[in-house]
Amino acid sequence: MKSLIIFASGRGSNAQAILDYFKENKDVVVSLIVSNKSNAGVLELAQSAGIPHAVIPKAEWNTEASLQLIAAHQPSIIILAGFLLKVPESLLAAFPGRIINIHPALLPKHGGKGMWGHHVHEAVLAAGDSETGITIHRIDEVYDRGEILLQARCPVLAGDNADSLAARVLRLEHFYFPRVIDFLLKSS
Ligand code: GAR
């Protein structure tokens, strides 16, 4: 049995897509969902799916207790699905190469601190880019920099705003993110 842990700060539509994808798979379990926000939608989703979940406030991520909580689930992969805090080096060191993130743009463009959610789509529009997309990558100690595992593209259309762009990008996220995770699990 392979264990996945999801970190998320928001509503959790990517977490939902991952749960749906692995629902019938007897070899893979989402064993824990962790948020830094006690009011994150992803926690309701975890509750209704019967998945163990926890809140770790920002100040407590870099503690032995948090590391122990996460390590106890022996994750094959830790998935950042709309997780907005920087992952502490203690976690990076404990799970080298096994923490992956999804970013709603084509890195290295439109990445870095403060670039999340609608800020990213607004930056794409402000830059006048003709295409955008998603990047799934391993994380390292620098925001949005680690090894790229997959990028997928979609057009920026005349008349797009941040919401219409977010919706188009999110469709790519929901399709590709679970499949990249599945591929990593099968090749590990
Ligand atoms: C997703 O679009 C994800 O790519 C983005 O947050 C959204 C979370 O949506 N992540 C970042 O911007 C990270 N820099 P969700 O809560 O519905 O999965």
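Model, not experiment: these values are computed from the prediction. Every number for a ligand or one of its atoms is a count from 1 in the order of the listing.
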Would you mind listing each N/O atom of ligand 1 next to any protein N/O under 3.5 Å, plus the distance?
{"unit_1": "ligand 1", "atom_1": "2 (O)", "unit_2": "Glu173", "atom_2": "OE1", "d": "3.3"}
{"unit_1": "ligand 1", "atom_1": "2 (O)", "unit_2": "Glu173", "atom_2": "OE2", "d": "2.8"}
{"unit_1": "ligand 1", "atom_1": "4 (O)", "unit_2": "Glu173", "atom_2": "OE1", "d": "2.9"}
{"unit_1": "ligand 1", "atom_1": "4 (O)", "unit_2": "Glu173", "atom_2": "OE2", "d": "3.0"}
{"unit_1": "ligand 1", "atom_1": "12 (O)", "unit_2": "Gly117", "atom_2": "N", "d": "3.0"}
{"unit_1": "ligand 1", "atom_1": "14 (N)", "unit_2": "His103", "atom_2": "ND1", "d": "3.3"}
{"unit_1": "ligand 1", "atom_1": "14 (N)", "unit_2": "Met115", "atom_2": "O", "d": "3.2"}
{"unit_1": "ligand 1", "atom_1": "16 (O)", "unit_2": "Gly12", "atom_2": "N", "d": "2.8"}
{"unit_1": "ligand 1", "atom_1": "17 (O)", "unit_2": "Arg11", "atom_2": "NE", "d": "2.6"}
{"unit_1": "ligand 1", "atom_1": "17 (O)", "unit_2": "Arg11", "atom_2": "NH2", "d": "3.2"}
{"unit_1": "ligand 1", "atom_1": "17 (O)", "unit_2": "Ser13", "atom_2": "N", "d": "2.9"}
{"unit_1": "ligand 1", "atom_1": "17 (O)", "unit_2": "Ser13", "atom_2": "OG", "d": "2.5"}
{"unit_1": "ligand 1", "atom_1": "18 (O)", "unit_2": "Ser13", "atom_2": "N", "d": "3.3"}
{"unit_1": "ligand 1", "atom_1": "18 (O)", "unit_2": "Asn14", "atom_2": "N", "d": "2.9"}
{"unit_1": "ligand 1", "atom_1": "18 (O)", "unit_2": "Asn14", "atom_2": "ND2", "d": "3.0"}

Any side-chain heavy-atom pair of Ile79 and Asn14 under 4.5 Å: no
Taking [X] for its side chain and [Y] for its backbone only, find out whether a donor-acceptor pair lies under 3.5 Å.
X	Y	answer
Ser35	Ala8	yes
Ser66	Asn62	no
His53	Ile51	yes

Verdict with reasoning, Val124 to Asp160, per side chain to side chain contact (heavy atoms under 4.5 Å, CB included): CA-CA 11 Å; Val124 168; Asp160 263 335; over 6 Å; no
Verdict with supporting geometry, His174 and Ser13, side chain to side chain donor-acceptor pair (under 3.5 Å): CA-CA 8 Å; His174 295 167; Ser13 72; 2.8 Å; yes
